[in-house]
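Notes for the one structure printed next.
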Amino acid sequence: MNLVLRLAAAAVVLAPIQGAIAQETAPVVAEQAYSGPVVYRAEVVAEYPHDAAAFTQGLLWHEGALFESTGRVGQSVIRQLDLETGEAVREMAIPPSQFGEGLAEWNGELISLTWRDGAIHRWDADTLEPLATRDGYPLDGWGLTTSREGLIHSDGSATLRVLDPESYDVLRSIEVTMNDRPLRRLNELEMIDGLVFANIWETAYIVAIDPADGRVERLIDLTDLVASVPVTGRDAVLNGIAWDAEKRRLFVTGKLWPKLFEIALVETDAQVR
């Protein structure tokens with residue numbers, strides 16, 4: 001039996017298709033053709049160690065190296081990681097009063113958000129030396145990624161914003177919908193083959209969004225992978241997507257997870273109604 005994926009506001013519910021007819025005299029209604037996102041499951045290709053104390057906010061693959069930004073006041077850092085060991089090759093602290101968030105690359109610089117501190121930081125991608133800080137930014141910072149238009153920013157709502165990478169001015173807004181309904185809690189972002197992949201905070205799902213119109217084109221079900229990770233606590237959620245475009249490798253991890261996974265996506269016949 002196919003499965004129906006139902007995603008509403010903050011919760012995702014997996015339920016079997018219900019085919020019961022209320023009464024024998026009920027009229028027969030033709031089933032509408034499915035027009036929702038294609039649903040995928042994740043197949044683990046490889047596992048790597050990950051710092052179980054890292055409150056992962058942003059994950060990024062850049063020029064053969066893995067970068068990560070972490071959160072929590074007094075613990076937030078930007079760092080380059082050794083994929084095989086999970087150890088930090090180099091690391092820079094975000095100011096201790098700030099809560100670090102998403103991470104993106106632009107022209108050899110790393111750009112990192114803060115949650116509600118109004119600060120956006122720029123770092124040299126080779127050395128992680130700080131280059132500049134913009135204070136007083138008016139939006140919450142959640143996720144950040146790079147597109148041909150500029151930076152794409154999330155703030156936990158159903159709206160993504162394309163930002164000028166120098167001034168951070170909003171160039172346009174993208175209202176994200178799945179089956180014509182707003183999809184909120186968009187968190188960490190990664191641009192992959194023209195689609196914006198986004199973690200849905202506090203769920204085991206990633207969505208792939210067409211930035212042209214905000215429509216969710218794919219939904220990735222990571223329920224089994226999340227269940228396999230030995231973590232406790234409600235904060236230890238799936239968060240972190242990195243794409244190695246050269247070798248076409250997709251990596252995911254979570255906050256306070258002891259593992260980072262390379263995954264392959266396998267299409268299913270599940271549907272989102």
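Because only heavy atoms are used, hydrogens play no part in the values below, and waters and symmetry mates are left out as well, while side chains stay in.
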Under 3.5 Å, which donor-acceptor pairs do the side chains of residues 209-216 form with other protein atoms, sequence neighbours left out?
residue: D210; atom: OD1; partner: A212; partner atom: N; Å: 2.9
residue: D213; atom: OD1; partner: R215; partner atom: N; Å: 3.0
residue: R215; atom: NH1; partner: E217; partner atom: OE1; Å: 3.0
residue: R215; atom: NH1; partner: E217; partner atom: OE2; Å: 3.4
residue: R215; atom: NH2; partner: S35; partner atom: O; Å: 2.4

If we ignore hydrogens and angles and just use 3.5 Å, is the side chain of [X] paired with the main-chain N or O of [Y] as donor and acceptor?
| X | Y | result |
| --- | --- | --- |
| T268 | V39 | yes |
| T145 | I152 | no |
| D164 | L171 | no |

What salt bridge (Lys or Arg N to Asp or Glu O under 4.0 Å) pairs are there with at least one residue in [range], not counting sequence neighbours?
| range | answer |
| --- | --- |
| residues 253-266 | E47-K259 |
| residues 141-150 | E149-R172 |
| residues 110-119 | R116-D140 |
| residues 89-107 | R79-E91 |

Would you say [X] and [Y] make side-chain contact, with heavy atoms under 4.5 Å?
| X | Y | result |
| --- | --- | --- |
| Q98 | V73 | no |
| V38 | Y40 | yes |
| W257 | V226 | yes |
| I120 | T114 | no |
| V176 | S157 | no |
| L151 | V162 | no |
| E68 | H50 | yes |
| L222 | L238 | yes |

request  = Report the C-alpha distance between L195 and R218 in whole Å, list the side-chain angles of each, state the deciding distance to 0.1 Å, and finish with yes or no for side chain to side chain contact (heavy atoms under 4.5 Å, CB included).
outcome  = CA-CA 9 Å; L195 296 177; R218 304 176 188 175; 3.9 Å; yes
Non-hydrogen atoms of [X] and [Y] that approach each other most closely:
| X | Y | value |
| --- | --- | --- |
| L103 | S69 | CB-OG, 3.6 Å |
| A88 | L81 | CA-CD2, 4.0 Å |
| P165 | Y168 | O-CE2, 3.7 Å |
| H153 | Y137 | NE2-CE2, 4.5 Å |
| A104 | T146 | CB-OG1, 3.7 Å |
| L160 | S154 | CD2-CB, 3.6 Å |

message = Under the rule for ring-ring contact (aromatic ring centres under 6.0 Å, His included), what residues qualify as partners of F99, not counting sequence neighbours?
response =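 Partners of F99 by the ring-ring contact (aromatic ring centres under 6.0 Å, His included) criterion, ordered by chain and then number, come out as W115.
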ask   = Which residues pass the ring-ring contact (aromatic ring centres under 6.0 Å, His included) test with F197, sequence neighbours left out?
value = none
task = Before giving the answer on side chain to side chain contact (heavy atoms under 4.5 Å, CB included), spell out for I220 and Y205 the whole-Å C-alpha distance, their side-chain angles and the decisive distance to 0.1 Å.
result = CA-CA 6 Å; I220 302 161; Y205 297 89; over 6 Å; no
Can [Y] be reached from [X] by stepping across I, L, V, M, F, W or Y side chains whose heavy atoms are under 4.5 Å apart?
| X | Y | value |
| --- | --- | --- |
| V229 | I241 | yes |
| I192 | F251 | no |
| L225 | I206 | yes |
| Y34 | M178 | yes |
| L66 | L60 | no |

ask   = Residues two or more places apart in sequence or in another chain: which of them pass side chain to side chain donor-acceptor pair (under 3.5 Å) with W61?
value =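 Scan of W61 (side chain to side chain donor-acceptor pair (under 3.5 Å), adjacent residues dropped) gives D244.
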ask   = Taking only residues two or more places apart in sequence, or in another chain, which ones meet D193 in a side chain to side chain donor-acceptor pair (under 3.5 Å)?
value = R248
ask   = Got a salt bridge between E267 and R41, using NZ or NE/NH1/NH2 to carboxylate O under 4.0 Å?
value = no
Using 0.5 Å steps for rounding, measure from the [atom1] atom of [X] to the [atom2] atom of [Y].
| X | Y | atom1 | atom2 | answer |
| --- | --- | --- | --- | --- |
| L256 | D51 | CG | CG | 9.0 Å |
| W142 | D155 | CH2 | CG | 8.0 Å |
| T56 | N239 | OG1 | CG | 7.0 Å |
| R122 | I78 | CZ | CD1 | 13.0 Å |
| L189 | L59 | CG | CG | 12.5 Å |
| T159 | L186 | OG1 | CG | 8.5 Å |

ask   = Are side-chain N/O atoms of W123 and S112 paired as donor and acceptor at under 3.5 Å?
value =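 The criterion, which ignores hydrogens and geometry beyond distance, is satisfied for S112 and W123.
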key: Residues which pass side-chain contact (heavy atoms from CB on, under 4.5 Å) with Q75, listed by chain and number, not counting sequence neighbours   =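 Testing Q75 for side-chain contact (heavy atoms from CB on, under 4.5 Å), a comparison that skips the adjacent residues, returns R72.
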inquiry  = Restricting to side-chain contact (heavy atoms from CB on, under 4.5 Å), what partner residues turn up for A52, sequence neighbours left out?
reply    =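 Result, side-chain contact (heavy atoms from CB on, under 4.5 Å) vs A52: P258.
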task = For side chain to side chain contact (heavy atoms under 4.5 Å, CB included), just list the numbers for V252 and L260, CA-CA rounded to whole Å, side-chain angles, deciding distance to a tenth of an Å, and then say yes or no.
result = CA-CA 6 Å; V252 296; L260 178 142; over 6 Å; no
message = Surrounding CG of D235 (heavy atoms of other residues, nucleotides or ligands, distance under 6.0 Å), is the total greater than 12?
response = yes
Please tabulate, one pair per line, all N/O donor-acceptor pairs under 3.5 Å involving side-chain atoms of residues 128-136, not counting sequence neighbours.
residue: T133; atom: OG1; partner: H121; partner atom: ND1; Å: 2.8
residue: R134; atom: NH1; partner: S167; partner atom: O; Å: 3.0

ask   = Can R185 and E202 be said to form a side chain to side chain contact (heavy atoms under 4.5 Å, CB included), step by step?
value = CA-CA 8 Å; R185 295 198 170 193; E202 292 189 318; 2.7 Å; yes
